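Step one of this worksheet: look at the structure below.
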Amino acid sequence: MERIVKSVKGTRDFYPEEMAVRRWLVSKVEEVSSAFGYQAYDGPCLETIDLYAAKSGEELVKEQAFVFPDRSGENIALRPELTPTLARMVASRQNELVFPCRWWSFGPFWRYERPQKGRTREFFQWNIDLIGSDHISADAELIAVAAEFLRGVGLKPDQVKILINDRRLMDAELSRIGIQAELKPAVLRLIDRIDKQTADVWDRNALELGLNSEQLEALKSLLSNTDLWQQSRELSALFASLEALGVREYTAFEPKIIRGLDYYTGTVFEARDTTGSFRAILGGGHYANLVGDVGGRPLPGVGFAMGDVVILLLLESLGLIPAVNAAADAVFVSVFDENCQTISSRVSARLRRAGFKVLTYPGTEKLAKQLKYADRLGARAALVIGPDEIARGEVVLKDLASRTQQVVPEAELENQLARILAQRPAL
RNA sequence: GUGCCUGUAGCUCAACGGCAGAGCGCCUCACUGUGGAUGAGGAGGUUGAGGGUUCGAAACCGUCCAGGCACCCCA
């Protein structure tokens, strides 16, 4: 077995079963994206390192991107995120695009990280952005998109929550309790990891940063104040908007949500399972200037990204991934023997032209083996056409799910097949 | 990139330094033109890889690989 060449660390093979699940996920993503009027787009998977260098200093690119020289010596990166690509694409056509524009994308990304549960080196990510609006209802819309997606895959408000905060509010609050501007970035980072450290360790880290004990107490009290959002005009409007959009129950204010990416300037949000046993499902926020780093005129927007790994782990754990079977609506046409091969081929072709999904057995193995094959593929129906049936112009039509069969005149085949396929398979 | 844990048949796991096994799954045959049953057979392993210790290693020791947990970061 070890003679088989290994796959690259942190990558996954998608066998038909996994591929079916991925395609199902993408179909849900596309469904909700289209429902809100978003258009699909994509960029290249290869980018020059310069695209990311604009945001130099960020760990995401310096430490976590796959970077290698191409044959001419130029440094190429496998895209670790889509936002810089999006920024370039928007900036290049800033004069012709219709703003605000609503774009979504689903594709592969790579990050050179230590793989563990919920984190791989190659993953797929849904990106969705509304670009060119500063209005709070744009923020509300993206959060509603996220909520409707979660609802669409069967998650209930008690299983998953979109936690929302606003960096402007936090900035104002930090000022109010007397934290100097230079200290704010470090304090924000500290807030971001409050749930990862024990209370006394966190307190000690806060004091080491330079906070005095009154500031520490004030900070802790504001982080536990779940009504703090009412002091923010933006967040008040946002939650009212979410109420009107019918997704309020999927959302909650959470002052501990900061998000790591620097370019968020307003609303920030992330979705988590309520048991807290998984990583963040999706994360996003409002940015003041998408295209500034790549040489365009300032353009605000809001967007989020969702990786395929965590959401699928969560859905799997809750039994929400539907059994997807490519052959569930297929008809299996058996081949009785060498002499019946032609008639089986004819019937197959006729059924395919009539719109059925038809597969046959290559060769003339004994019927039992052929039917077992059809059964294991999960085909819905099977045909047996032997000498007796040919002589009478009939076909044996088996309903593989109910384990029943009937003899039907050849002319009736399409009708009877359609009838069986229309029924829910009995389990 | 750091620390810790794990790795035995396709899957789930046994074997506490002494012949590498079970259940499920898989294949074949029977039930003489029919698939989730039953019965009878069978295949499948260099114990993640390559070293060391030992009379003897799946087990003990160090290296590498892979996965998981905590950091880091984030989807």
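All values reported here derive from a predicted model rather than from experimental measurement. Reminder, nothing fancy here: chain letters follow the sequence lines and each chain counts from 1.
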message = Base, sugar-phosphate or nothing for A:R189? Non-hydrogen atoms, less than 4.0 Å.
response = sugar-phosphate
message = Suppose we call a contact any N or O donor and acceptor under 3.5 Å apart; does that hold for the side chain of A:R119 and the base of B:A75?
response = no
query = Just checking A:I311: base, sugar-phosphate only, or nothing, at a heavy-atom cut-off of under 4.0 Å?
reply = nothing
inquiry  = Mind checking if A:S334 touches a base, just sugar-phosphate, or nothing, with heavy atoms under 4.0 Å?
reply    = nothing
task = Check if the side chain of A:E113 and the base of B:A75 share a donor-acceptor pair of N or O atoms closer than 3.5 Å.
result = yes
ask   = Base, sugar-phosphate, or nothing: which does A:R121 touch, judged by heavy atoms less than 4.0 Å apart?
value = nothing
message = Once you apply a heavy-atom cut-off of 4.0 Å, does A:K366 come out as touching a base, just sugar-phosphate, or nothing?
response = sugar-phosphate
message = I'd like to know if A:Q405 reaches the base of B:U34 with its side chain such that a donor and an acceptor end up less than 3.5 angstrom apart.
response = yes
Give me the distances for all protein-to-nucleotides 31-33 of chain B N/O pairs that come in under 3.5 Å?
residue : atom : partner : partner atom : Å
B:G33   : O6   : A:D388  : N            : 3.1
B:G33   : O6   : A:D388  : OD1          : 3.0
B:G33   : O6   : A:D388  : OD2          : 2.3
B:G33   : N1   : A:E389  : OE1          : 2.7
B:G33   : N1   : A:E389  : OE2          : 3.2
B:G33   : N2   : A:E389  : OE1          : 3.1
B:G33   : N2   : A:E389  : OE2          : 3.3

ask   = Looking only at N and O atoms, is any donor in the side chain of A:R376 or the base of B:G36 less than 3.5 Å from an acceptor on the other one?
value = no
task = Kindly express the pairing pattern of RNA chain B in dot-bracket notation, using | wherever a base pairs with another strand and counting only Watson-Crick or G-U pairs under 3.5 Å.
result = (((((((..((((....[..)))).(((((.......))))).....((.((..]....)).)))))))))....
task = Assign A:A374 to base, sugar-phosphate, or nothing according to its heavy-atom contacts below 4.0 angstrom with the strands shown.
result = nothing
